[in-house]
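Encoded as structure tokens, the structure appears first; notes follow it.
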Protein chains: 2
Amino acid sequence: MAKMKEVGVAVLGFGTVGAGVVDTLAKNGDLLAERLGLRLVLRGVADLDLATDRGVAVDPALLTTDGAGLIARPDVDVVVELIGGTGAAKDLALQALRRGKPVVTANKKLLAEHGEEIHRVAEENQTEILFEASVGGGIPIIKALREGLCANRIESIYGILNGTCNYVLTRMEEAHLPFETVLREAQAAGFAEADPSLDIDGHDTAHKAAVLASLAYGCNVPLAKVRVAGIRGIAAADIAYAADMGYRIKLLALIEGGADGVEVSVQPALVPHHHQLAAVGGVFNAVLVRGDVVGTTLYYGRGAGRAATASAVVADLADAALNLRAGGRRRDLSAVRARAPVVFRDPGEIVARHYLRFSMRDLPGTLAKVATVLGAHRIGIDSVMQKEAAKGAAYVPVIIVTGPAKEREMAAALAEIAALAGVTDRPTVTYRIEDFE
Amino acid sequence: MAKMKEVGVAVLGFGTVGAGVVDTLAKNGDLLAERLGLRLVLRGVADLDLATDRGVAVDPALLTTDGAGLIARPDVDVVVELIGGTGAAKDLALQALRRGKPVVTANKKLLAEHGEEIHRVAEENQTEILFEASVGGGIPIIKALREGLCANRIESIYGILNGTCNYVLTRMEEAHLPFETVLREAQAAGFAEADPSLDIDGHDTAHKAAVLASLAYGCNVPLAKVRVAGIRGIAAADIAYAADMGYRIKLLALIEGGADGVEVSVQPALVPHHHQLAAVGGVFNAVLVRGDVVGTTLYYGRGAGRAATASAVVADLADAALNLRAGGRRRDLSAVRARAPVVFRDPGEIVARHYLRFSMRDLPGTLAKVATVLGAHRIGIDSVMQKEAAKGAAYVPVIIVTGPAKEREMAAALAEIAALAGVTDRPTVTYRIEDFE
């Protein structure tokens with residue numbers, strides 16, 4: 001029996017996911033060899049910090065601080081970039097691509113900010129960049145979008161893509177706790193970073209949304225075109241009121257495309273309780289994809305973590321290795337083909353229903369004025385709920401669920417309502433309601 | 001600009017799915033060409049019935065009754081088998097493979113009954129058989145298992161794989177209607193066949209379970225090793241009692257593998273209400289896959305129908321065409337590699353909790369005797385629920401939820417209980433409870 005073909009792997013970045021990849025290659029290497037008919041062989045692991053114990057057995061001879069040197073070795077065929085960020089990660093990924101070596105990455109920030117350049121360099125060097133692990137952790141959503149659903153025009157994608165945010169929102173609802181308490185708790189439990197802004201303020205979700213949208217619409221999606229709002233400061237009261245009305249608040253990546261253009265945004269939105277995305281709790285992720293042929297499909301799993309992310313990285317390694325054996329890239333880089341840039345929808349023209357919470361004094365008079373302003377902007381009212389005022393509070397919370405309205409009209413109406421001096425004491429809270437229709 | 005490479009496609013079988021494939025290639029052909037860098041060109045459609053209107057525009061010159069002739073044409077590169085069954089479908093699929101032409105099929109029966117031969121002939125002729133559409137309709141579950149999760153040892157797969165059965169069970173629960181009424185209704189609505197046995201009695205799900213298990217464990221899974229029970233005759237009462245206790249009855253494909261072997265079965269099982277598979281309603285399908293690295297993932301979508309199935313067929317066509325461009329097959333046929341055959345678990349050793357419904361006369365005395373028999377077989381009782389007898393009925397329904405027990409002990413206990421003459425008038429109803437642990 002001939003010796004099985006070996007494909008040499010370099011891992012750049014020996015953090016949590018890097019250790020998971022090393023572990024998975026060791027644990028399931030034989031199974032992978034049997035499945036693929038080739039063997040993924042770890043040639044080296046590069047990291048500036050070689051002192052920290054990663055909790056995984058690795059031959060010390062494989063460890064190096066010289067990432068560039070590792071990439072250059074002739075027995076390295078594929079490079080895994082798990083450094084993160086856009087400094088050394090970008091530099092080393094481009095070095096690998098320029099040597100014609102495929103790069104596997106989990107780095108959504110790198111892709112969202114420099115995807116066009118990276119894809120171009122891959123193209124110029126007849127090699128490829130694979131990034132299953134960049135969105136949805138272990139869920140094979142990139143493969144589903146790019147391959148499994150390739151016969152479809154993608155109509156929409158709705159994703160719960162950040163485990164930290166989903167954990168915080170789930171816990172706030174279940175335990176009736178305020179945002180700051182739950183965030184501190186999540187930080188203590190290791191579900192949130194010491195500096196939580198990247199997650200909590202929606203930027204991580206925005207990076208992932210840009211990656212998904214660029215795949216779905218075969219174009220570069222600049223981050224500047226992604227409207228972003230995070231979950232910081234969501235009130236426990238709004239989570240409770242939404243629940244009363246049959247909704248759960250989720251941080252959603254919203255991607256919709258049609259004849260009038262594409263919308264890509266990240267925002268907290270009200271999701272009906274009975275909808276499957278409402279059932280996604282804790283650190284799990286889910287992505288709902290609508291195609292014009294297949295209809296609705298949904299993908300669910302762990303969105304982060306050492307092992308789940310390693311599962312996606314190694315799947316990409318397998319694809320890269322099979323492609324090398326077959327003589328090169330397999331799919332064209334449809335995400336960045338030279339073609340007319342996609343048109344983005346004018347945000348003001350986007351139509352949605354909204355959840356509005358007003359803080360009112362003098363209830364009857366104020367409600368009438370607010371209703372008049374909404375009516376003047378042709379914004380219908382689907383339901384009104386008035387909650388009891390907190391003991392001693394000077395204002396009464398009133399929830400209005402609107403009918404479908406253009407965001408431009410909604411913004412104008414809210415500005416007018418804010419100017420109704422003395423009737424609403426605090427800023428109106430407003431969230432989109434996502435009916436998935 | 002060079003002319004784009006063309007890949008010639010023959011469609012065998014111009015039924016519902018065949019028409020969907022022709023339609024999708026026409027509708028999204030340009031998009032596919034842009035994504036793939038090659039063009040899928042329909043060379044012909046073969047069917048014995050060329051008279052029926054399929055509701056899709058097709059050049060009459062493409063239609064033929066000569067499937068073998070179409071396969072043999074030099075400008076046909078890939079063959080789509082949508083004839084169904086194991087007669088002409090098998091014959092023509094083998095003809096195509098022997099000519100070295102990849103075959104795309106939706107035919108789970110063919111794969112489950114003749115998979116070993118078909119994979120062998122594909123292997124011998126250095127070509128491949130692709131079958132995304134055979135399980136889960138438009139859900140890219142085959143690709144997820146074979147590629148996206150290739151780094152994982154598959155621990156278990158739980159699937160709702162038959163839309164007809166799931167529609168019937170959903171409707172029975174929602175409308176409190178008996179099985180026969182809902183089945184007739186489903187037949188009238190086109191959700192069930194005139195002869196519903198293939199679906200209702202679990203055979204279709206068994207074919208799909210065999211396909212999934214063979215992929216997961218890299219071996220041939222003979223249908224004879226798949227234990228099958230369908231949903232015929234499930235009582236509305238049991239659906240209602242299960243609901244009272246927090247469960248929903250679903251027809252599940254159960255695939256579990258461990259050091260002690262593999263279990264593959266199809267059976268109605270009680271699924272906890274809060275579990276995501278319980279939320280899969282109507283004609284939808286879902287597959288939960290557990291891998292040793294990725295943990296739990298779930299895939300959901302339309303499990304049948306013209307368009308959803310066509311989406312999967314065309315995705316396979318894209319893969320086959322890309323593989324041809326790259327010079328041949330890409331993945332080894334891991335499902336049928338020569339290796340030690342898988343060991344199947346002794347069904348008697350399988351441990352599960354059970355839902356039991358007894359029909360008792362003389363309640364206190366009988367319950368004591370039943371409990372004694374269960375205890376003698378070391379079967380614990382998790383809960384007991386006694387419902388009021390129907391007006392004038394001679395027996396009282398009693399539900400017992402058992403603790404975990406080996407099926408061998410359960411069967412022995414139930415046989416002893418059945419022999420308690422006069423105390424239980426009717427056969428005990430028994431379903432497995434699936435805790436997904």
Side-chain angles (χ1 to χ4, degrees), chain A residues 20 23-25 27-28 31-32 34-37 132 137-141 143-144 146-153 218 274 276 279 284 286 291-302 305 307-308 310-315 317-319 322-323 325-328 330-332 334 337 339, chain B residues 20 23-25 27-28 31-32 34-37 132 137-141 143-144 146-153 218 274 276 279 284 286 291-302 305 307-308 310-315 317-319 322-323 325-328 330-332 334 337 339:
Chain A
D23 197 27
T24 302
L25 288 177
K27 183 167 94 166
N28 286 349
L31 180 68
L32 274 159
E34 192 174 81
R35 286 179 175 163
L36 304 174
E132 183 64 80
I139 310 168
I141 180 63
K143 187 173 275 286
R146 185 154 70 166
E147 304 179 18
L149 303 180
C150 70
N152 291 262
R153 229 168 270 280
H274 60 77
Q276 287 178 297
F284 276 84
D292 68 337
V293 181
V294 76
T296 296
T297 60
L298 184 132
Y299 310 83
Y300 166 92
R302 283 188 188 280
S311 173
V313 167
V314 176
L317 275 175
D319 270 340
L322 290 169
N323 290 349
R325 185 175 62 184
R330 182 149 171 281
R331 298 256 167 190
D332 284 316
S334 59
R337 300 178 68 78
R339 52 177 278 184
Chain B
D23 197 25
T24 303
L25 287 177
K27 184 168 92 164
N28 287 349
L31 180 67
L32 275 159
E34 191 174 83
R35 286 178 174 164
L36 304 174
E132 183 64 78
I139 309 168
I141 180 63
K143 186 173 277 285
R146 186 154 70 166
E147 304 179 19
L149 303 179
C150 70
N152 291 262
R153 228 169 270 280
H274 60 78
Q276 286 178 296
F284 277 83
D292 68 338
V293 181
V294 76
T296 296
T297 60
L298 184 133
Y299 309 83
Y300 166 93
R302 283 188 186 282
S311 172
V313 167
V314 175
L317 275 175
D319 270 340
L322 290 169
N323 290 350
R325 185 175 62 183
R330 182 149 170 284
R331 299 256 167 190
D332 284 316
S334 60
R337 300 176 67 79
R339 53 177 277 185

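Side chains are part of it too, since the values below use all heavy atoms of this structure and drop only hydrogens, waters and symmetry mates. Chain identifiers are assigned alphabetically (A, B, ...) following the order of the sequence lines, protein sequences preceding nucleic acid strands; residue numbering begins at 1 within each chain.
- Here B:Gln276 contributes atom CD and A:Leu298 contributes atom CG; the two are 8.0 Å apart, rounded to the nearest 0.5 Å.
- Expressed to the nearest 0.5 Å, how far CD1 of B:Ile141 lies from OH of A:Tyr299 amounts to 9.5 Å.
- Remark: B:Phe284 engages B:Val280, B:Tyr300, B:Arg302 in a side-chain contact (heavy atoms from CB on, under 4.5 Å) (not counting sequence neighbours).
- Residue B:Glu132: no heavy atom, backbone or side chain, is found under 4.5 Å from chain A.
- In this structure, A:Thr297 and B:Gly138 approach most closely via the heavy-atom pair CG2-O, 4.5 Å.
- At a 4.5 Å heavy-atom cutoff, the contact between A:Asp292 and chain B is made by backbone and side-chain atoms alike.
- Heavy atoms only, all atoms of each residue included: B:Ser311 and A:Leu149 are closest at OG-CD2, 4.5 Å.
- Expressed to the nearest 0.5 Å, how far CG of B:Asp319 lies from SG of A:Cys150 amounts to 7.0 Å.
- Counting all heavy atoms, side chain and backbone alike, B:Glu147 lies closest to A:Ala315 at O-CB, 3.7 Å.
- Of the atoms belonging to A:Leu25, not a single heavy atom falls under 4.5 Å from chain B.
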Open item on the list: Working note: A:Asn28 + B:Asn152, criterion side-chain hydrogen bond (donor to acceptor under 3.5 Å, both in side chains); need CA distance, chi angles, decisive distance, verdict.
Closed with: CA-CA 7 Å; A:Asn28 286 349; B:Asn152 291 262; 5.8 Å; no
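- Comparing B:Gly305, B:Gly301, B:Ala151, B:Ala312 by how many heavy-atom pairs each has under 4.5 Å with chain A, the most go to B:Ala151.
- By the side chain to side chain donor-acceptor pair (under 3.5 Å) test, A:Thr24 pairs with no residue at all, sequence neighbours left out.
- The distance from the CZ atom of A:Arg153 to the NZ atom of B:Lys27 is 8.0 Å, given to the nearest 0.5 Å.
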